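Worksheet: one structure, shown below.
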Amino acid sequence: MQAIEAINRALFLALNATPETPHGLVAAAILIANDAILLAPTALVCLWLTGGDERRELALRACAVGFLALGINQLIGLAWYHPRPFAIGLGHTFLPHAPDSSFPSDHATLLSALSFTFFQGGKRQLGLFMLVVDLAVAWARVFIGVHFPFDMLGAALVAGLACLLVKPLWMMSGPFVTKTSIALYRKLLALPIGRGWLRR
């Protein structure tokens, strides 16, 4: 365990920005670290609003995988606290953050969960796009000093596990969940749907 932690810290120091790093690069990393996560719900909403039943089913399944993965993260955090780099005085931090457990990264977990689910559902371009966002966020959050590299590896593993766990359950309950959700959507938003503002 000590050897793994030593590798983790060495990789972090190799990737972490310093006071000599160009301000523009740090600012870009902070923007990515903070705001790129918004592309996750945006992708799900777009998938729902622009698609038929198949695309909506995939959006719902991605939500299920994402929520399960984040739930697993919470359990890991409760069972094992891993300090963030700034909590142990390592490297440089450019973004204020609560000193909660760093492992795994919630940002990377959610983006990985969506990416893996999109690939699993046959939406390769959307999966690749989300994977690129995931990698950018993973880099940025290490670069600005709020995560270790292995937090991102853990995020990918948790997301993969969540995908595997949801798949058989979704095969049993997915059609019902999708049908019920679509019916609720059409009932609650009947007016804008009827006027052609939203896709039925």
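Just so it is clear, the values below take in all heavy atoms, side chains as well, and ignore hydrogens, waters and symmetry mates. These numbers were taken from a predicted model, which means no experiment stands behind them. The first residue in the sequence is number 1, and the count goes up from there.
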Tell me whether [X] contacts the main-chain N or O of [Y] through its side chain, where contact means a donor paired with an acceptor under 3.5 Å.
| X | Y | answer |
| --- | --- | --- |
| Arg61 | Trp170 | no |
| Thr18 | Glu20 | yes |
| Thr21 | Ala17 | no |
| Arg141 | His147 | no |

- Query: When hydrophobic residues are tied together by side-chain contacts of less than 4.5 Å, even through go-betweens, does Leu114 share a cluster with Val133?
  - Reply: yes
Minimum heavy-atom distance between [X] and [Y], given as atom pair plus value:
| X | Y | answer |
| --- | --- | --- |
| Ser112 | Ala155 | CB-O, 4.5 Å |
| Leu111 | Ala40 | CD2-CB, 4.0 Å |
| Ala69 | Ala159 | CB-CA, 4.3 Å |
| Arg199 | Thr50 | NH1-O, 2.7 Å |
| His97 | Phe86 | O-CZ, 3.4 Å |
| Leu58 | Gly121 | CD1-CA, 3.9 Å |

- When the ring planes of Phe103 and Trp80 are compared, do they come out parallel, tilted or perpendicular, using 30° and 60° as the limits? perpendicular
- Query: Which ILVMFWY residues are connected to Phe148, directly or by a chain of links, through side-chain heavy atoms under 4.5 Å apart?
  - Reply: Phe12, Leu13, Leu15, Ile88, Leu90, Val142, Met152
Rounded to the nearest 0.5 Å, what separation is found between the [atom1] atom of [X] and the [atom2] atom of [Y]?
| X | Y | atom1 | atom2 | answer |
| --- | --- | --- | --- | --- |
| Thr117 | Leu126 | OG1 | CG | 10.5 Å |
| Ile32 | Leu135 | CD1 | CG | 11.5 Å |
| Ile193 | Leu198 | CD1 | CG | 6.0 Å |

- Message: Test side chain to side chain donor-acceptor pair (under 3.5 Å) on His82 and Ser102; report intermediate values, then the result.
- Response: CA-CA 6 Å; His82 188 277; Ser102 74; 3.1 Å; yes
- Working for side chain to side chain contact (heavy atoms under 4.5 Å, CB included), residues Ile182 and Arg186: CA-CA 6 Å; Ile182 292 175; Arg186 289 172 177 168; 3.4 Å; yes
- Query: Heavy-atom count around Glu5 CD within 6.0 Å, excluding the residue itself: above 12?
  - Reply: yes
- Item | Tyr81, OH: over 12 other non-hydrogen atoms inside 6.0 angstrom | yes
- Message: I'd like to know if Lys179 and Asp53 make a salt bridge, using a cut-off of under 4.0 Å between side-chain N and carboxylate O.
- Response: no
- Only counting residues at least two apart or in another chain, list the ones meeting side-chain hydrogen bond (donor to acceptor under 3.5 Å, both in side chains) with Asn16. none
- Go through the steps for Phe67 and Ile72 under the test side chain to side chain contact (heavy atoms under 4.5 Å, CB included), then give the verdict. CA-CA 9 Å; Phe67 281 124; Ile72 294 172; over 6 Å; no
